[in-house]
Amino acid sequence: MGGADAGGHDNTANGDNTATGDNTATGDNTATAVHAAGSPNTVVAWAPGRVNLIGDHTDYAGGLVLPMAIDLGTTVRFDRGGTHLRLRSGRRRPLSLDLPVAGSVARSLSDLEPSWGRFVAAAAIEVGATIGGDGEISTTLPVGAGLSSSASLELAVALALGFDGSPLELARLGQRAEHAASGVPCGIMDQLAIAAGTTGHALLIDCATERYQPVVIPDTVEVWVLHSGVKRRLADSAYAERRAATEAAAEVVGPLAQANLDDIESIPDPVLRRRARHVRSECDRVQRFAAALATDDPTTAGELMEASHASLRDDFEVSVSQLDELVVALSARPEVFGARLTGAGFGGCVVALARPGSNLSGVGSAAWLVRASDGARQITG
Ligand code: GLA
């Protein structure tokens with residue numbers, strides 16, 4: 001899912017996207033708790049998805065990323081009580097779990113049905129939830145599109161089940177849940193973007209230190225997300241293999257985000273060399289992109305997105321032809337500054353930076369104009 005977006009809870013697309021709870025997340029890693037006070041019986045929690053503007057396949061290598069939380073997301077709403085958790089999503093079979101989630105379930109998460117329940121169960125285990133309830137989950141996020149639908153689900157569930165801590169702690173919890181539920185060894189980017197998002201800002205994250213700072217998105221640009229039409233599941237993809245390759249390259253030249261370029265070019269294995277070159281060059285692009293946003297230079301930002309896509313396509317080899325074609329089509333439009341695949345690749349979506357007022361809704365198999373949103377929060381409860 002996004003989290004690694006690996007799974008697929010039902011996309012019932014009827015989520016309440018109007019959540020307006022206070023955003024208490026700040027760019028300070030010692031941040032304020034995201035749990036809201038009060039304890040009426042009805043609990044509602046909301047978590048956004050995320051789109052990554054630049055910096056892919058760098059998070060697990062200790063590099064830089066620049067995602068933003070978006071105004072599409074997951075709502076969890078239930079009446080609290082008892083030691084059983086029953087959640088519906090759409091008209092399909094509901095999820096039924098005894099709390100605390102028993103060891104037998106924890107060991108066989110991958111068999112749990114409905115399959116989106118694996119993410120719920122993993123979040124419940126991480127929170128240590130003992131009080132359940134009866135309710136529903138809805139989402140406005142496309143599933144399996146690279147917008148972190150599973151991370152969004154995990155964080156919303158964790159908050160609904162009573163998580164109380166900082167955005168960074170929430171993100172780490174979500175990352176552990178994602179590893180357990182999907183088996184995908186994802187980095188921290190998706191969960192931290194979702195936990196710590198701020199309206200009107202992207203988040204520059206140094207994944208080596210897990211420190212982050214908001215970066216204003218100037219009003220000279222709008223962010224569009226365009227679906228390639230190729231649905232993917234990271235669990236089936238070469239994600240883990242790519243991560244392993246970056247680790248093998250780091251054994252040779254040290255941490256890739258800071259590695260010496262000449263050292264990278266002398267890695268004997270040509271595949272590891274290309275993987276390392278992507279990580280190193282992508283981290284540079286993230287820094288330059290953040291500077292371009294800060295100086296309101298969308299032309300440079302767009303060029304960096306194009307270069308990022310080329311690197312993900314040629315050096316990291318995580319693109320597919322439909323993504324490449326979408327990027328070419330978008331780049332040919334005068335109102336588009338730049339476009340690139342976003343997230344893990346292997347299908348999913350392209351992100352484009354466009355002039356305000358552009359209409360890209362006919363491009364790709366689906367299109368969303370997204371706005372940078374506040375992070376995950378409990379709305380009532
Ligand atoms: C997925 C993972 C993230 C990150 C991206 C690629 O979204 O969940 O941790 O690795 O792929 O940048």
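Whatever order the structure lists them in is the order used to number ligands and atoms, beginning at 1.
- An N or O contact shorter than 3.5 Å is missing between N52 and ligand 1 by distance.
- Under a cut-off of 6.0 angstrom, the local environment of CG in D111 is crowded, with over 12 non-hydrogen atoms contributed by other residues, nucleotides or ligands.
- For the side chain to side chain donor-acceptor pair (under 3.5 Å) test with S311, the passing option among R277, R280, R285 is R285; the others fail.
- Once rounded to the nearest 0.5 Å, the distance linking CD1 of I188 with CD of E178 reads 11.0 Å.
- Both the backbone and the side chain of D56 come within 4.0 Å of ligand 1, counting heavy atoms alone.
- In the candidate list G187, G348, A344, A344 is nearest to atom 11 (O) of ligand 1, counting heavy atoms.
- For a threshold of 3.5 Å applied to N or O pairs, the pair formed by T58 and ligand 1 contains no separation below that value.
- L112 approaches V105 most closely through the heavy-atom pair CD1-CG1, 4.3 Å.
- Checked against a 3.5 angstrom limit, the closest N/O atoms of D59 and ligand 1 fall inside it.
- Atom numbering of ligand 1 starts at 1 in the shown order; those under 4.0 Å from a heavy atom of H57 are 6 (C), 12 (O).
- Both V279 and V252 sit in one connected hydrophobic cluster of ILVMFWY residues. Membership requires side-chain heavy atoms under 4.5 Å apart, directly or through other members.
- Residue-ligand proximity: R50 is placed with a non-hydrogen atom under 4.0 Å from ligand 1.
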